[in-house]
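So the structure is just underneath, and the comments pick up after that.
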Amino acid sequence: MNKDSGNIRAYALDILIEVMENGAYSDKALHSVLDSGVIPDKRDRSFLSRLCTGTAERAVTLDYIINCFASIKTVKMKPAIRNILRMSVYQLFYMGQVPESAVCNEAVKLAVSRGFKGLKGFVNGVLRSIIRGKDNTRYPLRRDGFIPYASIKYSMPEWIVEKFCSWHGEEITEKILDTFINGEKFVTLRCNLSKSDVSGITGLLKADSAGIDIKEGRFFNYSLRIKGFGSLSSLRAFKDGLVQVQNESSMLPAAIACIRPGSTVIDLCAAPGGKTLHVADILNGTGRVVSCDISSNKTKLLYDNIKRTGFTNIEVYENDARVYREEWEGMADVVIADLPCSGLGVSGRKCDIKYKTKPSDIKKLAMLQREILKNAARYVKPGGRLVYSTCTVTHEENPENYRWICSNLPFESEDIEEALPECLKGMTGHNGYIQVLPHMAGTDGFFVASFIRKTGRW
């Protein structure tokens with residue numbers, strides 16, 4: 001840290017207030033500061049990233065610790081004070097290289113700078129009490145109830161822990177939560193094999209970043225797990241469109257869709273474009289990819305990625321998937337319906353999701369998915385495929401919607417076992433779909449199912 005470390009904490013506080021109080025996306029809030037160039041020092045950037053991400057990720061646990069020592073519960077504190085204490089306690093418990101005195105002093109300075117001079121004694125007192133009692137903090141024990149124990153240990157809202165237990169049981173739930181909070185952090189790249197091979201891309205990555213750590217993917221031989229690099233925009237393989245950031249589990253829809261040269265594929269809710277680009281890469285210049293999303297902001301993401309990668313067989317449409325388009329009736333060999341969902345499967349990478357999602361959202365989203373699926377089904381030609389997927393782990397959005405498709409739409413479930421990566425074979429539990437859970441391979445939680453359109457009239 002340099003002499004302006006206090007300013008770094010001020011940036012961190014601004015980011016945390018945006019994320020934890022105002023509903024901003026954690027990655028966007030962080031990168032808006034990092035990409036602005038106001039923090040040029042590499043160590044400061046690393047400190048800011050770790051402090052913001054770690055504090056948001058462990059906010060449930062941090063609030064529990066604060067509440068053990070503070071006379072006022074965090075929920076009743078001023079937002080600035082609440083987040084000053086959160087980031088300070090994160091430094092005390094999870095960033096051991098930061099001196100305790102520096103944590104307290106900087107927290108008090110922040111409180112004063114934000115207009116809370118009258119609360120500087122409160123902030124200092126709470127932190128000093130936490131330092132004194134740090135090693136004796138009592139946490140909920142598993143024997144006294146799994147839900148409060150898991151909620152605090154793995155920093156997950158209790159209602160989500162309860163839901164996970166009802167869907168997957170306590171043992172699997174704990175494995176999922178442990179992977180979310182303690183799993184290895186990395187960025188996954190999918191190599192565009194129509195543009196280069198994996199060895200060539202690996203060589204480029206190593207040449208651009210001496211300290212980069214590259215591992216092969218666990219599902220696909222064209223995926224790479226990387227960490228220890230500066231920024232994606234500095235990597236030639238990324239700039240030249242040879243790779244796309246995409247979690248391995250989200251590569252499953254295109255991989256199991258049996259896409260053939262010359263196929264017409266509709267990707268209904270496509271932004272930022274990982275699946276669209278995967279399909280285009282498989283088609284290798286043939287066929288047609290119709291890539292859609294609901295707003296100009298989302299379609300801009302598609303255009304940007306298409307421009308970077310240089311694929312020429314992709315058409316982009318700003319389209320509300322709930323609205324039927326007659327001109328697409330029976331047009332597609334494959335429709336990929338990776339639909340809006342609760343996103344709980346990606347909680348390990350996007351820590352704000354667990355705070356944004358509400359219990360009522362899950363049922364509403366399941367109904368929205370059905371609304372979109374009714375249109376998606378009509379775009380598939382007889383004998384064609386509908387691939388339905390989500391990046392969540394809920395029963396309402398996944399197996400229950402799978403059964404709804406089988407009962408209400410003119411489709412037959414397709415056995416996907418042979419199309420799955422070797423490490424997932426035998427894990428389906430049902431031939432027509434697979435629920436990938438994060439602990440299986442350190443990937444996002446993901447659901448994917450494939451259906452064949454019956455011949456004859458609708």
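These figures come from a predicted structure and were not determined experimentally. Values below: all heavy atoms of this structure, side chains included; hydrogens, waters and symmetry mates excluded.
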| said: Using only atom types and a distance under 3.5 Å, with no angle test, would you say the side chain of E417 pairs donor to acceptor with the backbone of G426? | reply: yes

Q) Do any N or O atoms from the side chain of D208 and from the backbone of R236 form a donor-acceptor pair under 3.5 angstrom? A) yes

Hey, do the aromatic rings of F451 and Y388 have their centres closer than 6.0 Å?
no

Using a 3.5 Å distance criterion without hydrogens, assess whether the side chain of D444 forms a donor-acceptor pair with backbone atoms of S249. no

Subject >> Check: Q369 side chain, P340 main-chain N or O, donor-acceptor pair, under 3.5 Å >> reply: yes

(request) Look at the side chain of D320 and the backbone N and O of R322, then say whether any donor-acceptor pair between them is shorter than 3.5 Å. (result) yes

What one should report as the nearest heavy-atom pair of D293 and C269 is OD2-C, 3.4 Å

- Query: Is any side-chain N of the basic residue among D338 and K275 closer than 4.0 Å to the acidic one's carboxylate O?
  - Reply: yes

Quiz prompt | Close side-chain approach of N105 and V108, heavy atoms under 4.5 Å | solution = no

**Study point:** Check against side chain to side chain donor-acceptor pair (under 3.5 Å), T390 and N398
**Key:** CA-CA 7 Å; T390 73; N398 294 341; 2.7 Å; yes

**OP:** Check whether any side-chain heavy atom of F446 lies under 4.5 Å from a side-chain heavy atom of P253, and answer yes or no.
**Re:** yes

* **Stepwise side chain to side chain donor-acceptor pair (under 3.5 Å) test for S342 and T392** => CA-CA 6 Å; S342 58; T392 194; 2.7 Å; yes

Contacts satisfying ring pair (Phe, Tyr, Trp, His ring centres under 6.0 Å) that involve residues 82-137 (not counting sequence neighbours) are Y90-Y94

Query - Min side-chain heavy-atom separation Q244-M251 under 4.5 Å - result: no

Are any non-hydrogen side-chain atoms of I131 and C104 less than 4.5 angstrom apart?
yes

Donor-acceptor contacts, no H, no angles, side chain residues 147-158, under 3.5 Å, sequence neighbours left out:
from	atom 1	to	atom 2	distance (Å)
Y149	OH	K153	NZ	3.4
Y149	OH	E174	OE2	2.6
S151	OG	M156	O	2.6
Y154	OH	E174	OE2	2.7
S155	OG	E57	O	3.0
S155	OG	R58	O	3.4
S155	OG	A59	N	3.3
S155	OG	V60	N	3.1

Margin query: Go through it in stages, so that I can follow the logic: the residues are S26 and T53, the test is side chain to side chain contact (heavy atoms under 4.5 Å, CB included), and I'd like the CA-CA distance, side-chain angles, deciding distance and then a yes or no.
Written below: CA-CA 7 Å; S26 55; T53 302; over 6 Å; no

Between I294 and E318, the two heavy atoms sitting closest are O-CG, 3.8 Å

| task | Show the numbers, then the answer: is there a salt bridge (Lys or Arg N to Asp or Glu O under 4.0 Å) between K356 and D352? | result | CA-CA 6 Å; K356 287 186 173 73; D352 49 272; 2.8 Å; yes

Across all chains, not counting sequence neighbours, the side-chain contact (heavy atoms from CB on, under 4.5 Å) partners of C68 are Y64

So do the side chains of Y11 and L51 get within less than 4.5 Å of each other, counting heavy atoms only?
no

Here the pair of heavy atoms bringing V103 nearest to S88 is CG1-O, 3.5 Å

Next on the checklist: Regarding R190 and N192, do their side chains bring together a donor and an acceptor under 3.5 Å, going by distance alone?
Outcome noted: yes

Which of R370, K363, K163 passes salt bridge (charged side-chain N to carboxylate O under 4.0 Å, His left out) with E396? Answer is K163

If only atom types and distance count, is the side chain of S113 paired as donor or acceptor with the main-chain N or O of L110 below 3.5 Å? yes

Any side-chain heavy-atom pair of L424 and L252 under 4.5 Å: yes

* Asked: If you measure from the Lys or Arg side-chain nitrogens to the Asp or Glu carboxylate oxygens, is any gap between D304 and K300 under 4.0 Å?
  -> yes

* To do: Please test R43 against S46 for side chain to side chain donor-acceptor pair (under 3.5 Å), starting from the C-alpha separation and ending with a verdict.
  => CA-CA 5 Å; R43 290 172 301 171; S46 177; over 6 Å; no

When rounded to the nearest 0.5 Å, the distance separating CE of M20 from CG of D63 is 7.0 Å

*Do R86 and L16 have side-chain heavy atoms sitting under 4.5 Å apart?*
no

>> What I'd like to find out is whether the side chain of L177 reaches to under 4.5 Å of the side chain of I181, using heavy atoms alone.
In response: no

message: Can you tell me how the ring of Y222 sits relative to the ring of F220, calling it parallel under 30°, perpendicular over 60° and tilted otherwise?
response: parallel

- Message: One thing to verify: whether E184 and R225 come together as a salt bridge, which I'm taking to mean a side-chain N less than 4.0 angstrom from a carboxylate O.
- Response: no

